[in-house]
Q: 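Pasting a structure here, questions to come.
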Amino acid sequence: MSSFSEEDAFEGAMSLSQRAMRQSAPPYLDGLNPAQRAAVEALEGPVLMLAGAGTGKTKALTTRIVHLLCTGSARPNEILAVTFTNKAAREMKSRIGGQLGEAVEGMPWLGTFHSICVKLLRRHAELAGLKSNFTILDTDDQIRLLKQLVAAANIDDKRWPARMLAGVIDNWKNRAWTPENVPVGESSAYDGKGVALYAQYQARLKELNAVDFGDLLLHVVTIFQQRPDVLEQYQRWFRYILVDEYQDTNVAQYLWLRLLAGGHRNICCVGDDDQSIYGWRGAEVGNILRFEKDFPGAEVVRLEQNYRSTGHILAAASGVIAANKGRLGKTLFTDGEDGEKVRLIGHWDGEEEARWIGEEIEAMQGGTRGMAPVSLDDVAILVRASHQMRGFEDRFLTIGLPYRVIGGPRFYERMEIRDAMAYFRLAVSPDDDLAFERIVNTPKRGLGDKAVQTIQRTARANGVSLVEGARLAVEAALLKGKGAKELRNLVQSLDRWHAQVRAEADTHVELAEMILDESGYTGMWQADKTPEAPGRLENLKELVKALEGFDNLQGFLEHVALIMDNETEEHGAKVSIMTLHAAKGLEFPAVFLPGWEDGLFPSQRSMDESGLKGLEEERRLAYVGITRAERLCTISFAANRRVYGQWQSALPSRFIDELPEDHVDVLTPPGLYGGGYGAAGMAGGLGVTGGLNDAMTQRVRDADGYNSPGWKRLQSRSQQRGMSQPRESRNVTIDLTAVSAFTEGDRVFHQKFGYGEVMAIEGDKLDIEFDKAGSKKVVARFVVAAEQADDVPF
DNA sequence: CTAAACTACCTTTTT
DNA sequence: GGTAGTTTAG
């Protein structure tokens with residue numbers, strides 16, 4: 001058994017703690033408020049740090065670590081500090097480094113649950129029936145594997161999709177249930193075959209020497225439970241445990257922590273029950289609510305002084321969250337000013353909402369309401385569901401407002417990246433069957449289901465990997481025609497690449513480029529004329545660039561499995577568009593919260609599936625949204641919205657009713673929904689869900705911006721800014737060059753809409769008839785000549 | 001085996 | 001309305 005390796009545990013330890021020891025008076029405690037200080041100084045025993053939004057939680061957490069080091073309570077390698085995301089871990093590392101005045105290389109156990117579990121599991125792999133070089137499968141591999149098992153079990157995967165099984169299994173793993181431990185109550189899952197398939201899946205993973213994300217936790221917990229000697233080793237080693245975002249932990253993570261803290265109980269959990277928004281993926285708010293029971297004698301520290309938002313914003317958020325039951329309870333306050341009230345505005349439909357927000361953002365750039373001009377980087381639009389983003393993208397594209405979408409498919413989850421990675425994986429380890437299956441017919445080689453089945457049969461009959469199976473199949477001439485030739489070619493190429501990896505003849509970057517080239521993979525995308533193709537080639541280029549940061553392909557593959565970040569630094573200020581979930585932990589001077597309509601937010605599905613619990617989680621989401629705003633928070637809703645192509649009318653969100661009136665500025669023109677305080681009036685006024693009738697429509701039109709003081713204010717501001725006219729004055733220099741670049745009839749390419757033809761030119765805008773997307777008005781600088789789109793070099 | 005036609009679905013997402 | 005996944009025709 002690979003016992004505790006002293007070298008790596010001690011790495012960097014000495015210099016760091018020595019440096020820390022020298023500071024006798026702790027200046028790092030100076031900038032803390034009393035609560036933060038209490039949380040930092042309570043080193044021994046269990047501590048629950050209830051940290052409201054914007055209360056300096058990370059500061060307290062990192063200072064606590066600094067304090068541990070400086071008091072000599074622990075060496076850097078004896079502190080276990082767990083986060084959920086790599087980003088949070090990085091942030092903590094750099095802040096600790098900043099406070100100590102040097103980089104922290106010596107904290108090997110500061111990381112995500114998953115990355116720490118990988119480390120532990122590699123050391124004790126054999127206790128889980130694995131080899132220490134096991135591979136980590138992502139969701140995609142997982143599904144493909146399950147599909148095979150489902151097919152083998154003769155299950156109609158129409159009625160019982162593999163995805164569903166994956167969900168069921170994930171759920172069980174989140175609860176730390178091995179196949180043997182799944183309770184009888186669950187035996188009806190997946191048509192009664194869930195447990196059996198789960199067991200098969202685990203067996204298959206073992207055969208493949210692979211684990212999925214859930215296994216990382218599950219295996220380690222299982223090892224700890226079955227091997228007290230191993231557990232004890234780590235209980236002693238990790239003298240202090242710190243956990244970030246405790247409200248997001250699932251049962252497996254909770255058990256893992258409780259096991260590790262079992263000896264000394266020096267565990268400090270930081271979290272905010274009001275920001276628990278991941279219940280749907282296994283997080284148990286109960287963990288944080290139960291903390292004092294789990295760890296009797298725990299000290300509970302509340303961080304309630306908010307340093308982020310103005311008084312009105314804070315009050316509005318507090319008002320909403322107050323409607324939730326079973327909270328641990330916190331009262332946020334600020335010493336800062338009240339600032340602007342939270343703004344509330346209703347719109348006729350989603351398009352108008354997007355238009356209005358676009359104009360507001362443009363107005364803000366010049367400075368309004370006593371606010372200094374705001375950079376686009378300071379503005380965020382937070383939506384409940386990602387499909388809401390498109391309306392904003394379309395609108396911003398046409399008015400030429402730069403934006404960035406945060407979230408969406410991660411870099412390493414994109415198809416082209418995963419394909420390329422599969423090639424690399426095969427070059428490194430030719431027995432990676434999942435990788436082989438992925439690329440055997442990508443690019444198209446004339447090797448379809450049948451050919452793959454033949455290969456699989458041959459491989460299984462001979463007890464070898466798929467690549468070897470393919471080789472045998474070729475030799476035995478089991479395939480004919482184009483497929484046979486192509487497969488022979490592929491096998492030879494794989495041999496060659498593998499030999500080169502081992503010989504280290506070329507640099508790994510050159511090798512990677514060569515693989516992508518020789519496999520025909522880049523060629524495939526170069527030949528592809530869909531709008532996505534150039535972007536995909538761009539991504540491949542980026543992937544190769546990312547390789548440069550590693551010593552070899554193996555090292556790269558090793559790291560990529562767990563680090564799914566896509567923090568590409570783009571230059572230029574942009575508005576951020578993201579989901580409320582993605583916004584947790586972030587802050588922006590100005591925040592827009594559109595789509596506050598019942599059914600959309602709170603989401604109907606959430607309420608149907610989880611009832612009051614679901615509603616409360618949605619409410620916490622509202623709380624998270626509002627508390628992202630530093631100075632200006634604007635909530636909006638639309639009376640009508642196109643949902644699945646169908647126009648639907650909706651009532652304003654019930655959360656709007658919960659906003660405390662004193663802290664809200666209603667911009668909706670009176671008369672729009674029967675006057676009075678927007679939401680309440682509207683909900684009552686509309687009665688049935690039938691939506692706005694014609695008379696109501698007329699009132700909206702009549703009211704359109706001429707009577708209400710609030711509306712007038714907006715109107716006049718718009719006029720000052722020239723909002724109602726086309727913005728021909730903006731970006732003049734850029735636009736002129738851009739305009740001169742095109743004439744009517746030009747073929748052009750647009751990143752989002754694809755290829756098209758310029759039909760007309762008005763100032764900086766082009767009327768383009770897109771091949772696929774129809775006719776659109778687009779700002780010239782978002783378009784390139786069609787020829788340029790073709791030769792994206794690799 | 002591939003391309004076109006058809007149909008069922010439609011939160012939130014990290015590792 | 002749009003896409004992903006599947007069926008059907010070439």
Side-chain angles (χ1 to χ4, degrees), chain A residues 82-89 111-118 136-140 142-143 147 157-159 161-163 167 170 173-174 211-218 245 248-250 252-253 276-283 350 382-391 394 406-410 412-413 415 441 443-452 479 481-483 486 559-566 578-585 595 599-610 614 617-618 620-622 624-625 641-648 772-774:
Chain A
V82 218
T83 64
F84 273 87
T85 65
N86 290 304
K87 199 174 153 202
T112 62
F113 276 102
H114 295 267
S115 68
I116 288 170
C117 281
V118 171
I136 302 164
L137 305 187
D138 58 32
T139 327
D140 229 65
Q142 192 188 0
I143 301 271
K147 268 209 176 112
D157 78 343
K158 280 297 260 282
R159 278 197 58 186
R163 281 202 165 280
D170 269 351
K173 288 187 176 177
N174 285 159
V211 298
D212 63 22
F213 286 122
D215 281 338
L216 292 172
L217 257 303
L218 179 63
E245 307 279 17
D248 288 339
T249 49
N250 59 36
Q253 287 155 341
S276 162
I277 55 175
Y278 285 107
W280 50 274
R281 70 174 193 212
L382 312 181
V383 298
R384 171 69 248 262
S386 48
H387 62 75
Q388 290 172 261
M389 293 180 184
R390 210 180 59 226
D394 284 349
I406 300 195
R410 301 265 157 307
Y412 289 108
E413 282 168 1
M415 183 198 347
N441 201 28
K444 298 271 185 312
R445 296 191 173 89
L447 297 161
D449 281 352
K450 263 213 170 128
V452 172
L479 297 166
K482 183 174 169 243
E486 291 273 10
H559 281 252
V560 155
L562 284 176
I563 298 165
M564 301 289 244
D565 288 307
N566 183 23
M578 69 189 95
T579 62
L580 287 161
H581 285 91
K584 195 171 80 158
L600 181 58
F601 186 45
S603 136
Q604 192 57 51
R605 188 153 162 186
S606 225
M607 294 187 292
D608 291 347
E609 281 174 12
S610 315
E617 183 154 313
E618 296 283 310
R620 292 192 289 266
L621 214 37
V624 167
R641 204 176 280 280
R642 225 181 357 213
V643 186
Y644 307 141
Q646 234 50 20
W647 279 100
Q648 287 196 325
K772 297 236 163 79

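Lettering follows sequence order; numbering is per chain, from 1. Predicted, not measured: the structure shown is a model, and the values here were computed from it.
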Q: Give a yes/no verdict on base stacking between B:dT12 and A:Trp280: centres under 5.5 Å, planes within less than 30° of parallel.
A: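 Taking the rule of under 5.5 Å and under 30°, the ring of A:Trp280 does stack on B:dT12.
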Q: Whole angstroms only, please: what is the CZ-C1' distance between A:Arg384 and B:dT12?
A: 5 Å
Q: Below 4.0 angstrom from OP1 or OP2 of B:dT14, is there any side-chain N or O of A:Asn86?
A: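 No, because none of the side-chain N or O atoms of A:Asn86 sits under 4.0 Å from OP1 or OP2 of B:dT14.
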Q: Quick one: label A:Leu447 by what it contacts on the DNA or RNA (base, sugar-phosphate, nothing), any heavy atom closer than 4.0 Å.
A: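 The answer is sugar-phosphate, as A:Leu447 gets under 4.0 Å only of primed atoms, P, OP1 or OP2.
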Q: Over all strands shown, is A:Gln388 touching base, sugar-phosphate only, or nothing at heavy-atom distances under 4.0 angstrom?
A: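 If one applies the 4.0 Å heavy-atom cut-off, A:Gln388 turns out to touch nothing in the nucleic acid.
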Q: What is the distance from CZ of A:Phe84 to C1' of B:dT13, rounded to the nearest Å?
A: 12 Å
Q: Within this structure, what is the CG-CZ distance for the pair A:Leu600 and A:Arg605, rounded to the nearest 0.5 Å?
A: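 CZ of A:Arg605 is found 14.0 Å from CG of A:Leu600.
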Q: Using a 5.5 Å cut-off between ring centres and planes within 30 degrees, is A:Tyr278 stacked on the base of B:dT13?
A: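 Stacking is absent between B:dT13 and A:Tyr278, given that the ring centres and planes do not meet under 5.5 Å and under 30°.
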Q: Hey, is the side chain of A:Ser606 poking within less than 4.0 Å of OP1 or OP2 on B:dT12, counting only N and O atoms?
A: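 For B:dT12, OP1/OP2 do not have a side-chain N/O of A:Ser606 under 4.0 Å.
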Q: Looking just at side-chain N and O atoms, do A:Asp608 and A:Gln604 make a donor-acceptor pair shorter than 3.5 Å?
A: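 There is such a pair (donor and acceptor under 3.5 Å, judged by atom type) between the side chains of A:Asp608 and A:Gln604.
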Q: Identify whether the distance between the nearest side-chain nitrogen and carboxylate oxygen of A:Asp248 and A:Lys584 falls below 4.0 Å.
A: yes
Q: Measure the distance from CZ on A:Phe213 to P on B:dT14 and round it to the nearest whole Å.
A: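 Taking atom P of B:dT14 as the reference, CZ of A:Phe213 is at 11 Å.
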Q: Which is more 5' along DNA chain B, the nucleotide nearest A:Ala451 or the one nearest A:Ser386? Just name the residue.
A: A:Ala451
